[in-house]
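Each chain gets a letter, A, B and so on, in the order its sequence line appears, and its residues count up from 1. Bear in mind that the values here come from a model prediction, so they are computed numbers and not experimental data.
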Protein chains: 2
Amino acid sequence: MPDSPTKPRREQIHDVASRLFSERGYHATSMRELAGELGMQGGSLYAHINGKEDLLVQIVNRASQQFDEALFPLRGQNLPADDKLREAMHRHIMVVADNMDSATVFFHEWKHLSPEAYARVTGWRDTIDRFYRELVSEGIQSGVFRPDLDVKMTSLLILSTVNWTYTWFRPEGTLTPRDIADGFAEMILSGLRAR
Amino acid sequence: MPDSPTKPRREQIHDVASRLFSERGYHATSMRELAGELGMQGGSLYAHINGKEDLLVQIVNRASQQFDEALFPLRGQNLPADDKLREAMHRHIMVVADNMDSATVFFHEWKHLSPEAYARVTGWRDTIDRFYRELVSEGIQSGVFRPDLDVKMTSLLILSTVNWTYTWFRPEGTLTPRDIADGFAEMILSGLRAR
DNA sequence: CCTACCGATCGGTAGG
DNA sequence: CCTACCGATCGGTAGG
């Protein structure tokens with residue numbers, strides 16, 4: 001039951017802020033607009049939060065956390081590299097699709113964070129990068145992937161396709177994250193060229 | 001000779017605005033900051049421009065134009081689909097790489113444009129989409145690409161990789177747009193899987 | 001959660 | 001291109 005009436009006020013603020021920040025941008029959203037959408041006055045927000053930047057930090061942190069929780073458990077699993085790639089792309093795209101607003105804020109506004117929060121996000125980016133590089137390396141070593149692949153370029157190719165979904169995915173459309181992940185993975189694994 | 005001292009003032013304003021908008025975001029950049037970097041007072045800017053939004057419109061329009069000029073001439077050329085794909089990706093990535101600031105503004109701030117400018121950008125996006133879908137369709141019909149490809153998904157795969165370069169390309173790095181385009185195209189065409 | 005208010009800063013203009 | 005200024009709005013606070 002999304003948006004149940006008993007949802008804590010802080011959750012409501014987080015959700016509305018995610019939507020407004022993603023639609024208009026962080027700096028272009030005023031605290032009065034945010035308060036208005038929640039049916040309260042501007043100053044009343046500060047009974048629940050510490051400040052505008054805290055909202056941004058929360059949104060970005062939660063997004064990072066969701067990516068971590070989705071991908072990290074895959075590291076230990078003993079799957080063939082092609083299956084693991086398909087599964088990782090599916091999970092990655094699911095996080096984006098299920099959190100289109102926070103994902104947009106995550107990709108657009110992380111540069112505007114305070115130095116500490118900025119460093120944390122940069123650290124997360126590196127973690128995800130490493131995850132995909134490891135996946136590619138393992139695939140090469142196990143003989144599932146071509147031996148002449150450049151690990152860095154390959155992981156960038158994968159990251160491009162899964163991250164870019166935040167720009168075009170529509171929840172009301174016909175494509176599910178499963179469809180997208182399977183379609184992209186199949187093309188990436190087998191190539192476009194006719195045999 | 002970039003940034004020659006005789007560069008028209010309007011060009012200088014355009015360049016500095018692109019950089020500031022891409023680094024801090026459109027709304028977070030004040031006209032006084034912009035003026036300061038150009039060695040003038042805030043009000044003096046309005047001797048050269050009509051307003052802040054005009055700057056954004058100019059940056060986005062010029063970026064759209066560069067994509068158009070790079071890709072559109074390829075439409076008529078009678079190249080094999082794989083060669084045409086490689087060439088299109090190279091040109092697309094070159095535009096991004098040569099205009100990292102305006103490309104970032106283009107991808108991040110187009111939502112904040114006035115309705116008319118917004119519609120123009122949306123129209124451009126559709127044009128580029130059509131370009132890549134045509135390229136894929138031609139490749140299927142000529143037998144160069146697999147017949148079971150989904151045209152929409154395939155063009156989204158391509159667009160993801162070329163557009164996402166705005167987030168990670170570094171002009172001071174070792175990879176050239178040629179390297180990136182050739183590397184991505186080869187992987188997309190032949191696939192990651194070992195034979 | 002509201003009312004009333006703070007200093008700061010915003011984009012933009014007038015007149016030179 | 002500068003000085004001086006405009007009304008509007010910003011994030012945030014005090015006191016209740």
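Between H92(A) and Y132(A), the ring planes are tilted. Angles from 30° to 60° get that label.
Here the P atom of nucleotide dC10(C) and the CD atom of E33(B) are 7 Å apart, to the nearest Å. Look at CG on L56(B): it is 15 Å from C1' on dG11(C), rounded to the nearest Å. L20(B) has its CG atom 12 Å from the P atom of dG11(C), to the nearest Å. Rounded to a whole Å, the CD atom of Q41(A) is 11 Å from the C1' atom of dA4(C). Counting to the nearest Å, the C1' atom of dC1(C) and the CG atom of L45(A) are 10 Å from each other.
A salt bridge is defined here as a Lys NZ or Arg NE, NH1 or NH2 lying under 4.0 Å from an Asp or Glu carboxylate O, and D15(A) with K7(A) meets this definition. Using a cut-off of 4.0 Å between Lys/Arg side-chain N and Asp/Glu carboxylate O, E186(A) and R146(B) are scored as salt-bridged. Remark: E138(A) engages K84(A) in a salt bridge, criterion side-chain N to carboxylate O under 4.0 Å.
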Dump the pairs, protein N or O against N or O of nucleotides 12-16 of chain D, anything under 3.5 Å, distances to one decimal.
| unit_1 | atom_1 | unit_2 | atom_2 | d |
| --- | --- | --- | --- | --- |
| dG12(D) | OP2 | Y46(A) | OH | 2.7 |
| dG12(D) | OP2 | K52(A) | N | 2.9 |
| dG12(D) | O6 | R32(A) | NH2 | 3.2 |

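Closest to the side chain of R9(B), from the set dC1(D), dG11(C), dC10(D), is dC1(D). Of the candidates dC1(C), dC10(C), dT3(D), the closest approach to any side-chain atom of A47(A) belongs to dC1(C).
At most 12 heavy atoms of other shown residues, nucleotides or ligands fall within 6.0 angstrom of atom CZ in R75(A). F169(A) CZ: more than 12 foreign heavy atoms inside a 6.0 Å radius.
Helical stems in DNA chain C, defined as runs of 3 or more consecutive Watson-Crick or G-U wobble pairs with both donor-acceptor distances under 3.5 Å, are listed by first residue as C:1-16 with D:1-16.
A donor and an acceptor atom, one from each side chain of E11(B) and H14(B), are nowhere located under 3.5 Å apart.
Put simply, the side chain of F131(B) does not reach to within 4.5 Å of the side chain of T127(B), judged on heavy atoms.
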